[in-house]
Novice: 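One structure, as structure tokens, below. Some questions next.
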Amino acid sequence: MAMFPLGGEDPRVILERLAEFSRGEPEPSGGRMFAHSYETGDAVLRRLLREAYELYMDKTMLNFVMYPSILRLEREVVRAVASLMDGGEEVTGNFTYGGTESIMLAVKASREAFRASGKTGVPEVILPYTAHPAFLKAAVYLGLKPVFAPVDLETGKVDVDAVNEKVGGNTALIVGSAPNYPYGSVDDIRGLSDIALDSKVLLHVDACIGGFILPFLRDLGERVPDFTFKLEGVTSISVDLHKYGYALKGASVVLFRSRDLRKHNIFVGTRWPGYPLVNTAILSTRSAGTLAASWAAINYLGYKGYLKMAGKVLNAKRKLVAGLENLGLKIVGKPESSIVAFTGENVNVTLLSIDMARRGWRLQVQPGSLYLNFPPTLHMTISPIHESSMDAFLKDLEETLREHKPPAVEEALKHVVSIVEREGYGKALEALGIRGDSIISGESMLLINELIRLMPPDIVEEALAEAVNILI
Ligand SMILES: *Cc1c(COP(=O)(O)O)cnc(C)c1O
């Protein structure tokens with residue numbers, strides 16, 4: 001029991017300690033983060049989310065008989081998102097705790113539909129290389145075979161002809177993204193929809209990040225390709241509320257074209273002496289707080305609020321794109337949404353991100369892959385709050401680039417690889433500064449990202465699993 005606290009500590013002290021632990025970490029609401037943060041800058045919304053969460057935080061979504069209002073909130077949130085995705089009466093779905101859970105359910109429905117149609121082979125899911133790894137995870141968990149489809153790096157979109165060639169008797173599901181996370185490009189969902197209809201397979205549109213921003217960008221006059229249920233072949237869509245829905249983390253919706261398809265995800269277990277277990281999602285007991293906060297966000301912002309926020313995102317993005325081009329940086333893919341990825345000649349993206357972090361800006365490194373032919377890029381997800389911070393960001397970027405000198409990492413890399421060969425991953429991770437009790441430094445990240453870029457993906461995946469296995 002050496003690590004188990006005795007208890008009875010003063011609540012104030014406990015809170016002070018928590019604040020102390022996180023001191024110096026980036027503040028998601030601060031307007032200086034460009035990944036995993038979706039910030040409106042609206043203090044009224046922030047308070048509303050907290051209070052809505054608090055009202056429902058100790059009620060469980062497991063028991064919607066005891067708490068009928070939970071069912072009502074879920075129904076209203078699902079209907080609102082379905083209508084945003086141009087779904088008619090027949091479109092339905094469920095609230096989940098995140099994009100990964102929504103995607104897992106869509107993949108599971110496709111597997112059950114495949115089996116229900118009498119097919120007995122190993123079901124396949126066709127994935128653009130830009131699809132979120134949650135699909136690969138779902139395929140691995142659920143026993144589907146992933147079939148990867150190439151992506152055009154100029155447009156950032158999946159090669160539709162290649163997808164067509166990969167469709168066969170065992171195809172259960174085709175995946176398209178609106179937009180994809182790495183480049184912010186929207187796949188040709190119309191093209192994929194035609195293929196899905198012709199070959200009678202299901203098509204999932206991953207609008208996890210785009211669902212709450214693309215429709216509004218389109219209404220502001222941006223050219224956004226069709227991606228919703230308006231396209232006949234689209235059979236399911238995932239939309240995260242904890243991204244551009246501006247709700248709290250732990251909130252997403254998965255939609256299905258019909259109840260017949262959704263039914264594959266309802267799990268009922270009554271062969272035990274306990275309560276009848278009835279689930280529409282993967283998780284069972286979970287706080288209804290994030291559902292209530294999602295409902296609150298949708299009702300507070302509404303169409304007008306989301307449109308206004310999209311306008312801020314658009315202004316920030318226009319400034320950013322112009323600024324990056326001015327600095328001679330290259331935008332990768334077609335940034336049709338609220339994500340911009342860039343690279344540059346003689347730019348080491350990890351070092352640039354470290355130097356920008358010193359100035360308080362957080363950009364996300366996408367290390368790229370020599371094997372898969374993806375360039376290293378920096379990813380920026382734009383939030384409404386960036387409208388007011390973009391000028392300052394570009395000024396700091398310009399200054400940082402002026403002093404930028406890509407480091408020579410070859411010798412250090414050779415050293416790490418030789419340790420792997422002689423003494424295995426454990427020692428190599430130590431050499432990279434990864435130990436159970438340590439914080440991973442920027443200098444280690446320079447090497448780690450370079451290894452991710454240079455090594456074959458299966459080795460990278462094994463090495464990163466080894467690394468995380470010793471962290472906790
Ligand atoms: C965020 C995201 C996901 C996964 O969602 P989580 O909420 O992190 O589980 C899937 N697809 C896309 C395009 C995303 O942006």
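First listed ligand is number 1; within each ligand, the first listed atom is number 1. Small disclaimer: the values here were computed from a predicted structure and weren't measured. All values below were derived from every heavy atom in this structure, side-chain atoms included, with hydrogens, water molecules and symmetry-related copies excluded.
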Novice: At less than 4.0 angstrom from any atom of ligand 1, which residues have a non-hydrogen atom? List them by chain and residue number.
Specialist: G98, G99, T100, I103, H132, P179, Y181, D206, C208, I209, D240, H242, K243
Novice: Can you see whether H36 engages Q364 through a side-chain donor-acceptor pair at a distance of less than 3.5 angstrom?
Specialist: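 A donor-acceptor contact under 3.5 Å links the two side chains.
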Novice: Identify each donor-acceptor pair in which a side-chain atom of residues 129-147 lies under 3.5 Å from a protein atom, sequence neighbours left out, and give them as a table.
Specialist:
residue: H132; atom: ND1; partner: A134; partner atom: N; Å: 2.9

Novice: Anything under 3.5 Å between a donor and an acceptor, one on a side chain of residues 184-196, the other on a protein residue two or more places apart or in another chain? List them.
Specialist:
residue: S185; atom: OG; partner: T155; partner atom: O; Å: 3.0
residue: S185; atom: OG; partner: K334; partner atom: N; Å: 3.1
residue: S185; atom: OG; partner: K334; partner atom: O; Å: 3.1
residue: D187; atom: OD1; partner: V158; partner atom: N; Å: 2.9
residue: D187; atom: OD2; partner: S177; partner atom: N; Å: 2.9
residue: D188; atom: OD1; partner: R190; partner atom: N; Å: 3.4
residue: D188; atom: OD1; partner: G191; partner atom: N; Å: 2.8
residue: R190; atom: NH2; partner: D226; partner atom: OD2; Å: 2.5
residue: S193; atom: OG; partner: G233; partner atom: N; Å: 2.9

Novice: Please report, to 0.1 Å, the donor-acceptor pairs under 3.5 Å made by any side chain of residues 451-458, with sequence neighbours excluded.
Specialist:
residue: R453; atom: NE; partner: E450; partner atom: OE2; Å: 3.4
residue: R453; atom: NH2; partner: E450; partner atom: OE2; Å: 2.9

Novice: Judged by modelled atom types alone, do Y56 and S287 share a side-chain donor-acceptor pair under 3.5 Å?
Specialist: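 There is no such pair (donor and acceptor under 3.5 Å, judged by atom type) between the side chains of Y56 and S287.
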Novice: Identify the residue among Y244, Y246, Y306, F212 that makes a ring-ring contact (aromatic ring centres under 6.0 Å, His included) with Y38.
Specialist: Y244
